[in-house]
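Some notes on the structure that comes next.
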Amino acid sequence: MPDWSYHPLKKFLLDNINPKTGREFIHKSMSTIASIPGGRSLIGFLGHMKPSRDLHKEINHTRFSSPIGLSGQIDPNLSGINAFQELGFGFIEIGPIVINEPREQEEPRRKNDHILFSNHQEKIPLKLAIKKLTNLNMQIPIFAKIDEQATRNEWNLIVQHLTPFVDGFIGTSEQINLYINKSEISFGRPFYASFSEDEIYNKELWKLIQQPYVAGILVNAPYHTEDNYWREVDNANELLVKVVKQVKNLHPELIVITSGGVETPEEACSLVHAGADLLMLTDGYVRAGPGLPKRIHERLLFEKVQPSKKQQWLWSFMFGLSILIGGIIALYFAFTSIILPYDESFIGLTKDEILQVNPLILSFMSHDRMALAGTMISGGILYMQLARHGIKNGLHWSKIAFHTAAIVGFLGIFLFIGFGYFDWLHDLFWLILLPIFYLSYIEGKKVIGAPYSSHEKNDRTWQLGLYGQLMFIILGFSILIGGIVISTIGVSKVFVSTDLSFICMTPQMLERISNNLIPVIAHDRAGFGSALVSVGLLVLMLSLWGFRKGERWIWNTLCLGALPAFIAGIGTHLYIGYTTFIHLLPVYFLVALYLLGLVLSYPFLKRN
């Protein structure tokens, strides 16, 4: 569930129901999606959250794809663990682990904008943890936090049974000092001692850190207690940064993991700068949304990015330019001759003869061809912008969007012959485009760069941008569905009821004029639908993957790219007098989404 869907849902639903109910609803929903065939790919498509290789690191012989992890406080029942590895996390903490489920467990509460955790927090029994982990194909490290009240025997049982499933253990300093024995060290799993902010300053604890069986420490964000419930203090990040700096100054080689104190990319970066090796998100993740790991990654990459050599992009630009020129040529024919000599030859009637039978037939064909031309011009602009700003700058997501939409567009050639008619001009156009696309595909193989962003805060501009992004995602998805529907109609019944009302003829009457008239109309409809599918995919992927603070070209692309299609879509109906409200209602809906998206996303995308 990306931020653009999480925050609207959170505001209207999740904040108004029981915290545990909302938590389990979100986690179980995500886990169910991740478990079905293709579910992981769907999550990846919607969020594009996979960390860049530049963020990979190795600590204590364990490979982390990202320094950002998730605390066990957020998913104590392991309801969503199957999906969290798809949301950009580099590791997951589970626990506290106990042998038997306690009789007294209290779920979190919500107070104002804070989550309050009980002193008798939810814990996971060892058997349930093993059952969950056995059925999962985890590809990221897991740390097991052992309950602080576990006895020596319980500690030994937990470590022995979980060692095959986890990559490290977290316990209190007292537990690690008293319970660890040489046999457990030989298991090959690192042990991390957990400290609070106050305990760090205890000199006795530094002796423990020097022991070879302590792989590092975990520093918890400072908190205060209210009626047996606790929450992080408001300046938790500031205090945590101070502690990490002091620890690193004294012991530069010590592995330091922090838990909590992060709600924004800026706060995560401050801890990384202070020397934290790994960061675990807690309730700040709930407030900020599931996109927080991705935004932290982009902020970290922003500081690492070096001036890079521009990638080859001219063939990709030429591909978009060719489509734009093709759209202009199609628009010219739609305004002038409407049908070409090869159309007349196939139909068996000239333009003048069709006009004598029913001039509305040509008007209707003009309407389809104008709409196709406008959609092609919009698609050309989108392709050109992706090449000029995305592929040129090495953005991997822009290459995927470009090639996916182009390949789907090429597959649309099969729709043109759905009713047995495929004209040579389309054939020539496709033969020209194919080698250009091939060269574009070849030059795009080196485009592997990850996006980066200077975005730091969860401010109102960002929140408005999420709603603007949601509008464009709905817009792209609606265009995609519309294209599929029109393509299906084009190769099946060809007409909708309002079409026949405008023409004032039935399909049987059209067939009596010429058996080949409907195939020509169907060929135009299918071509228009295919173009809509490609453009819908481009708008959808641009909106899903391209929204970042200050990305002016994304706003410009969506603004300029949609105009030709909308102008042609509405203008052609006004031009021929086909103004039935129900027929144009989908276009009005799309225009409303487009305008709302532009207004809401302007401050986020256009302002530096």
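Since we're looking at a predicted model, the values are computed, not measured.
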Lys20/Glu122 salt bridge by N-O under 4.0 Å criterion: yes
Could you check whether the rings of Phe84 and Tyr285 sit parallel, tilted or perpendicular, using 30° and 60° as the cut-offs? perpendicular
Please indicate whether Tyr229 has more than 12 foreign heavy atoms, meaning atoms of other residues, nucleotides or ligands, lying under 6.0 Å from its OH. yes
With no hydrogens and no angle check, is any side-chain donor or acceptor of Glu93 less than 3.5 Å from a backbone partner on Gly72? yes
Please check if atom CG in Asp227 has more than 12 non-hydrogen atoms from other residues, nucleotides or ligands closer than 6.0 Å. no
Flag the pair Arg299 and Glu266 as a salt bridge only when some basic side-chain nitrogen lies within less than 4.0 angstrom of an acidic carboxylate oxygen. no
Would you please classify the geometry between the Trp545 ring and the Trp397 ring as parallel, tilted or perpendicular, with 30° and 60° separating the classes? perpendicular
More than 12 non-hydrogen atoms from neighbouring residues, nucleotides or ligands closer than 6.0 Å to OH on Tyr223, yes or no? no
Just say parallel, tilted or perpendicular for the rings of Phe143 and Phe91, cut-offs at 30° and 60°. tilted
Report the residue from Asn77, Asp147, Asn100 that forms a side chain to side chain donor-acceptor pair (under 3.5 Å) with Lys123. Asp147
Do Leu300 and Tyr452 touch side chain to side chain, with heavy atoms closer than 4.5 Å? no
Give a yes or no on whether the backbone of Leu55 and the side-chain of Ser52 come within a donor-acceptor separation of less than 3.5 Å. no
Would you indicate whether Glu226, at its atom CD, is surrounded by more than 12 heavy atoms from other residues, nucleotides or ligands within a distance under 6.0 Å? yes
Pairs satisfying ring pair (Phe, Tyr, Trp, His ring centres under 6.0 Å), at least one member in residues 239-271, at least two apart: Trp206-His251
